[in-house]
Amino acid sequence: MTDSDDALLPLDAVRPPASSKDTKGAPAPAPERPVARVAVDSPLPHLDRPFDYLVPDSMHETAGPGVRVRVRFAGKLVDGFLLERVDESDHDGRLMPLERVVSPERVLTPEIAGLARAVADRYAGTLTDVLRLAVPPRHAKAESEEPAKQDLPPAEPSQTESAWNAYPTGPSFLGALRDGRAPRAVWSALPGARGWAGATAEAVRATLDGGRGAVVVVPDGKDVALADGEFARVLGPGRHVALTADLGPAERYRRWLKVLRGQVRAVVGTRAAMFAPVADLGLVAIWDDGDDLHAERLAPYPHAREVLGLRAHRTGAAMLIGGYARTAEATQLVASGWARPIVAARTMIRGLGPRVRPAGEDAELAKDQAARQARLPSLAWRALRHGLDSGPVLVQVPRRGYLPALACRHCRTPARCALPPTRPPTRPPTRRTALPPDPHAGTAFPIPEAPAEAGHLCHGPLALRGGHAAPYCRWCGRVDADWRCSSCGSPRLRAVVTGARRTAEELGRAFPSVPVRTSGRDGVLATVPATRALVVATPGAEPVAEGGYAAAVLLDGWALLGRADLRAGEEAVRRWMNAAALLRPAAELVVLGDAALPAVQALLRWDPVTHAERELGDRAELGFPPAVRMATLTGVASAVRQMLDEVRLPPDAEVLGPVPVDEAGQERAMIRVRRSGGAALAAALKGASGVRAARKTPDVVKVSVDPLDLI
Ligand SMILES: [Zn+2]
Ligand SMILES: [Zn+2]
């Protein structure tokens with residue numbers, strides 16, 4: 001630590017762990033590299049750096065880099081990871097000895113240690129917080145078990161035709177993986193329920209055949225189960241592990257150790273698997289990167305796509321971002337040239353996709369009395385009835401509790417704040433920030449800047465508060481009495497129709513004598529048999545039907561599109577396509593939505609790419625992520641305001657708010673910078689958090705960089 005760093009903090013906050021009183025009877029030091037640099041388990045941002053300890057001679061053999069240790073820190077015994085052994089300490093004065101080596105297992109590999117540091121810097125978090133996500137808690141029994149001997153026969157050559165042959169650039173992608181190169185691709189998967197898992201398994205197989213390992217992250221347990229089966233089929237038994245949260249600590253740790261010890265080199269799992277310590281990483285892959293399950297719920301809230309991107313960048317591994325739909329983030333990676341698209345030929349898509357028909361708001365209701373009760377348009381009713389002749393049919397219904405957005409009454413353009421930011425960009429700061437930016441942070445994705453005029457206005461979503469005629473902005477909190485629609489100039493607003501909620505019983509009555517199965521919040525079905533049934537599911541909970549659904553109706557068009565969420569359009573397309581992909585080829589699909597809407601068009605034409613490119617363009621124009629970096633500060637009002645006063649933001653930073661976010665006096669402020677300012681913004685926020693922690697300020701301000709829920 002340098003003098004200039006110290007000058008920013010009260011001195012007692014950075015007292016080194018050694019003190020001259022403690023040296024009586026100090027143990028003899030290890031004969032070589034007697035200094036251990038330890039990442040101490042402390043949540044305090046101003047102490048987020050390694051501390052030096054003496055390695056006693058007795059621990060010389062066991063205290064290797066990456067082991068778990070116990071050390072005395074600020075008077076207490078705490079856990080830590082030994083990062084490295086060095087000859088000398090920068091700290092003058094005697095060092096405290098390591099208290100003990102918990103286990104000689106080197107659980108923190110150099111790659112993961114470096115990645116964790118980069119993730120912490122990217123998200124304004126601490127190394128300790130990221131390590132808690134990256135390295136599972138120790139399970140001593142699992143660690144002491146002798147690894148089962150396994151002599152795997154060489155994997156058999158695959159018998160079936162490659163799923164990648166359906167994509168013009170697919171075979172060359174596989175070839176590059178096999179040759180040990182690092183292709184990076186954004187893959188628009190063809191419809192078909194199991195296709196993605198099989199194709200992903202093939203990519204992993206090619207990587208293994210090339211002598212490298214692979215990490216695959218999928219949204220939920222249902223997807224892990226699907227991939228697990230396909231991996232076993234394509235890779236052969238014993239060549240991969242599945243990691244999910246619900247395995248239980250012993251089994252999860254056992255599988256994780258297999259990866260650490262190099263017994264398996266392929267991993268598929270939910271988001272925590274993004275840190276799986278696969279050696280010689282050749283491929284990182286993420287399926288359905290738009291699913292919000294990919295965002296970590298614990299500080300510093302990293303997103304799996306971003307973490308895997310950093311991993312690919314740091315290790316030179318390939319990356320595969322797959323989905324039926326496309327996120328704006330993935331589209332930006334293509335636009336910048338960082339990744340290449342893998343898209344099937346149109347003829348292929350036409351052959352495999354469903355036949356989609358839209359039913360607009362004014363669609364004629366079915367004549368059948370029960371179907372009319374369930375407010376089913378006749379188009380939807382006929383499609384379901386016809387489908388039931390040959391198998392299961394799917395009805396996607398909205399979940400409860402979407403926050404409706406305000407939109408132009410005339411043209412439905414979402415209503416956005418047209419006021420300038422609360423605090424416009426400032427002059428360059430005269431004092432340096434507390435932490436120098438990591439030179440690697442932000443370089444993972446060399447992405448072009450948004451146009452210069454982006455972000456001059458707030459563009460936050462507008463809302464109405466009870467009783468007030470004029471809308472206020474959810475981001476900057478101001479009332480915009482003179483609002484006019486940016487598209488058509490109309491001054492009139494409306495809350496977007498959220499769609500009617502149809503219950504499974506109502507729908508079931510329209511199809512008497514057909515069994516009804518439900519999948520949703522109260523229980524998710526992974527699969528349903530190929531027999532005729534009405535399957536009613538909320539978005540994301542649709543079971544896979546054996547052989548595919550015979551027909552489907554997507555009932556939640558307005559609810560999904562009308563949500564007060566920046567990503568509402570993208571998310572509607574994603575949820576529709578994920579459901580539509582479960583249909584048999586050319587099966588009939590009815591979506592309740594206006595054919596003129598871009599999201600409905602994307603589904604009709606099975607063209608997620610054009611929609612995502614348009615979405616990205618809109619976001620660049622409005623100054624929304626991923627065209628910019630955004631951070632939120634949330635906490636009690638006085639704390640958020642104090643932190644805003646103290647933080648030394650990068651010169652181009654705009655501040656929006658703070659605004660109240662709940663009844664309990666919590667407020668939220670948003671800070672927006674150009675992408676190139678992301679690392680500086682994270683460093684500034686980390687520095688400000690550190691100053692608060694050093695001062696022992698009681699009210700914590702939650703810092704979140706690039707949060708998903710920008711409502
Ligand atoms: Zn309008
Ligand atoms: Zn605003």
Side-chain angles (χ1 to χ4, degrees), residues 360-362 403-426 450 453-465 468-497 558 561-569 593-601 614-615 617-625 627-634 637 640-641 644 649 652-662 666-674 704 706-707 709-711:
E361 249 180 326
D362 47 2
L403 192 63
L406 273 192
C408 168
R409 171 168 299 211
H410 182 66
C411 73
R412 280 183 181 267
T413 300
R416 305 226 166 262
C417 174
L419 298 167
T422 326
R423 194 200 294 172
T426 51
E453 65 275 8
H456 274 307
L457 300 177
C458 169
H459 288 137
L462 297 187
L464 287 172
R465 236 185 308 245
H468 290 271
Y472 77 98
C473 169
R474 288 188 202 273
W475 286 2
C476 71
R478 287 168 299 177
V479 171
D480 191 350
D482 301 322
W483 180 86
R484 285 267 186 292
C485 171
S486 60
S487 292
C488 73
S490 162
R492 309 201 8 166
L493 286 163
R494 70 164 173 185
V496 171
V497 186
W558 299 123
L561 286 171
R563 289 183 317 146
D565 184 323
L566 282 191
R567 302 187 306 140
D594 195 323
L597 293 171
V600 177
Q601 276 293 316
R614 177 190 169 127
E615 179 87 24
D618 288 352
R619 294 201 202 168
E621 211 165 279
L622 294 169
F624 293 162
V628 298
R629 284 275 166 87
M630 268 198 181
T632 55
L633 307 183
T634 313
V640 171
R641 284 158 199 266
L644 278 176
L649 295 171
D652 71 320
E654 297 172 350
V655 177
L656 309 173
V659 293
V661 285
D662 64 7
Q666 295 264 308
E667 288 199 348
R668 178 183 77 173
M670 305 179 89
I671 303 166
R672 175 161 61 189
V673 296
R674 294 159 69 89
S704 193
D706 289 346
D709 50 340
L710 287 172
I711 296 172

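One-based numbering, in listed order, for ligands and for the atoms of each. All values reported here derive from a predicted model rather than from experimental measurement. Each residue takes its place number in the sequence, starting with 1.
By the 4.5 Å heavy-atom criterion applied to side chains, Pro598 and Arg614 are counted as neighbours. In this structure the side chain of Tyr472 never reaches within 4.5 angstrom of the side chain of Arg478, judged on heavy atoms.
The Zn ion (ligand 2) does not have His459 among its coordinating residues (no N/O/S atom, backbone or side chain, under 2.8 Å). Among the backbone and side-chain atoms of Cys411, an N, O or S atom lies under 2.8 Å from the Zn ion (ligand 1).
For the pair Arg567 and Glu615, the salt-bridge criterion is not met [side-chain N within less than 4.0 Å of a carboxylate O].
More than 12 heavy atoms of other shown residues, nucleotides or ligands fall within 6.0 angstrom of atom CZ in Arg409.
With the Zn ion (ligand 1) as the vertex, atom SG of Cys488 and atom SG of Cys408 span an angle of 100° (nearest 10 degrees). Atoms SG of Cys476 and SG of Cys473, as seen from the Zn ion (ligand 2), are separated by an angle of 100°, to the nearest 10°.
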